[in-house]
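A quick write-up on the structure given underneath.
We count ligands from 1, going down the list as the structure has it; atoms in each ligand are counted the same way.
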Amino acid sequence: MRVAVIGAGAIGGTIAALLDRAGHDVEVTARGATLAAIAAEGLRLDGKWGEHTARVAAGATLTRTPEIAFLATKAQDAASALTANRDQLGNVPLVVVQNGLEGLETVARALPDSPAFGALALYAAQNVEPGRVTITATGTTVVDRSRQAAALLSSVMPAQVTDNFRGAQWTKLVINMVNGTPAATGLPVQRTVADRRLRPIVTALIREAARAGLAHGVHFDPIQGLSHAGVRFVAAAPLWAGQVLPRLMARRMGAVPNLGSTLQSLKRGQLTEIDYLNGAVVAQAAAVGQRAPVNQAVTDAVHEVERTGRFFTPDELAERVRAAARG
Ligand SMILES: NC(=O)C1=CN([C@@H]2O[C@H](COP(=O)(O)OP(=O)(O)OC[C@H]3O[C@@H](n4cnc5c(N)ncnc54)[C@H](OP(=O)(O)O)[C@@H]3O)[C@@H](O)[C@H]2O)C=CC1
Ligand SMILES: CC(C)(CO)C(=O)C(=O)O
């Protein structure tokens, strides 16, 4: 099949390399050092799903119209990446593999005629150097309705279809509450969850996200063992009891340190998706008259790291969060 992948970073690189390994005809878009590395050495994949070097066609924009396309940029780059490839994407099924709640709305604005489907990756991929991706933890991909995309993905990785994609996006948003403390402190997810000063913060982030979603009437779609009932539990539980959830999430990630996709951006000196994750929780909570002070504090802290390049110590972050919760 003729496949396009827009944004050959951690997730796009994984999808492109696995589809190339399965014999599909893959073209990717990339930029800067990543584009130069893929052109020179191919797209290299290693880690939990094996090793493969994909000699895929690569350019700044697509040169041909694919049968199916995947968008795998960070949320803040989606609109410009789509606009740059508009000429090749008319009526092409587009699978948007992105965290946060806004991916499909962005496509509807940029390419109103495109049949777009959302997808949520539950594996952990690290863009260790330009053109090289390591899978540090395996996991399924949840795909919105499109059986074509699910069939294609499930031929190379675990994938499942949902009829409740909005609910799945919210469950994933709750899961992504593990991204903020690594981005603020520079520590891998597993270490932030193991830390007695940071674990209550992660739990409070999760609780605020769960409460906002429930207030919006969301039915959380079950993902990787986190069900609607589980979300209701964590929304109502005191922090000491709710801590079971981040502990389970960290255990599921296994032993290889997982930076999370947000900290990975900072390590490359880039801006993050934080406004689409913790920032989205603040906005969604405000829309139903709730406050989300811990998400606001972590969003602000990550923006400060973007500006200064200096991570917070666990004590500094805990103090920030205490002050925000008091105020
Ligand atoms: N990494 C992970 O483990 C997981 C990530 N996700 C989600 O998947 C999505 C993708 O994340 P991830 O793969 O980590 O992000 P990456 O930053 O690793 O990859 C995004 C890639 O898109 C490229 N890009 C951005 N704009 C353009 C453009 N206009 N044209 C061509 N290429 C472009 C970036 O290039 P450049 O480097 O130059 O900016 C980068 O290589 C995010 O929403 C993330 O939250 C979900 C689950 C797990
Ligand atoms: C599931 C998780 C936490 C995997 O790393 C992720 O979605 C991310 O890093 O953005």
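Protein heavy atom at the shortest distance from atom 15 (O) of ligand 1 is K74 NZ, 3.2 Å. When only non-hydrogen protein atoms are considered, atom 28 (C) of ligand 1 lies nearest to A81 CB, 3.8 Å. The protein heavy atom nearest to atom 17 (O) of ligand 1 is R268 NH2, 2.8 Å. At the shortest separation from atom 22 (O) of ligand 1 among protein heavy atoms lies G7 CA, 3.3 Å. Closest to atom 21 (C) of ligand 1 among all protein heavy atoms lies G9 N, 3.6 Å. Protein heavy atom in closest approach to atom 30 (N) of ligand 1: T29 OG1, 4.0 Å. Atom 43 (O) of ligand 1 has as its closest protein heavy atom E273 OE2, 2.6 Å. Atom 1 (N) of ligand 1 has as its closest protein heavy atom A125 O, 3.0 Å.
For S80, no nitrogen or oxygen atom sits less than 3.5 Å from a nitrogen or oxygen atom of ligand 1, counting backbone and side chain alike. By the 3.5 Å distance cut-off applied to N or O atoms, Q270 is counted among the residues near ligand 1. Taking only nitrogen or oxygen atoms, main chain and side chain alike, T34 does not reach within less than 3.5 Å of ligand 1.
In this structure, OG1 in T14 is found 8.5 Å from CG in N127, a value given to the nearest 0.5 Å. Between the CG atom in N278 and the CE atom in M177 there is a gap of 4.0 Å [rounded to 0.5 Å]. For the atom pair CD1 (I6) and CG (L62), the distance works out to 5.0 Å, reported to the nearest 0.5 Å. For the atom pair R207 CZ and Q243 CD, the distance stands at 10.5 Å (nearest 0.5 Å).
Residues V142 and F117 fall into different hydrophobic clusters, defined by Ile, Leu, Val, Met, Phe, Trp and Tyr side chains chained together at heavy-atom separations under 4.5 Å. Both L277 and V96 belong to a common hydrophobic cluster when Ile, Leu, Val, Met, Phe, Trp and Tyr are linked at side-chain heavy-atom distances under 4.5 angstrom.
Among all heavy-atom pairs drawn from A324 and A297, the shortest one is CB-CB, 3.7 Å.
Atom CZ of R251 sits in a sparse spot, with 12 or fewer heavy atoms from other residues, nucleotides or ligands closer than 6.0 Å.
Taking every non-hydrogen atom of Q98 and a distance limit under 4.0 Å, the qualifying atoms of ligand 1 come out as 43 (O). The atoms of ligand 1 that sit less than 4.0 Å from any heavy atom of A124 are 3 (O). Each of the following atoms of ligand 2 lies closer than 4.0 Å to a heavy atom of G260: 9 (O). Those atoms of ligand 1 with a heavy atom of D77 less than 4.0 angstrom away are 25 (C), 26 (N). Atoms of ligand 1 found under 4.0 Å from any heavy atom of K172 (numbered from 1 in listed order, with element): 46 (C), 47 (C).
Ion pairing of R211 with E208 is absent here, as no side-chain N (NZ or NE/NH1/NH2) approaches a carboxylate O to less than 4.0 Å.
Under 4.0 Å from ligand 1, the heavy atoms of V97 that appear belong solely to its backbone. The residue V189 has no part lying near ligand 2, judged by heavy-atom distances below 4.0 Å. Residue N258 touches ligand 2 through its side chain alone, judged by heavy-atom distances below 4.0 Å. No part of Q126 comes within 4.0 Å of ligand 1, judged by heavy-atom distances. Counting heavy atoms closer than 4.0 Å to ligand 1, residue A30 contributes backbone atoms (N, CA, C, O) but none from C-beta onward. Contacts with ligand 1 closer than 4.0 Å are made by backbone heavy atoms (N, CA, C, O) of Y123 only, the side chain lying farther away.
Closest heavy-atom approach to atom 46 (C) of ligand 1 among the candidates T272, I15, V133, N99: N99. The nearest non-hydrogen atom to atom 20 (C) of ligand 1, considering only G12, G103, A60, A72, comes from A72.
H24 contributes a side-chain N or O that, together with a main-chain N or O of M1, makes up a donor-acceptor pair within less than 3.5 Å. Counting only distance, with no hydrogens or angles, the side chain of R55 and the backbone of E41 share a donor-acceptor pair below 3.5 Å.
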* Check against side-chain contact (heavy atoms from CB on, under 4.5 Å), F165 and D221 -> CA-CA 8 Å; F165 189 69; D221 208 41; over 6 Å; no

* Asked: Can D46 and R132 be said to form a salt bridge (Lys or Arg N to Asp or Glu O under 4.0 Å), step by step?
  -> CA-CA 8 Å; D46 54 48; R132 188 179 143 224; 2.9 Å; yes

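In this structure, K172 counts as a contact residue of ligand 2, since one of its heavy atoms falls inside 4.0 Å of the ligand.
At least one side-chain heavy atom of W170 sits less than 4.5 Å from a side-chain heavy atom of H216.
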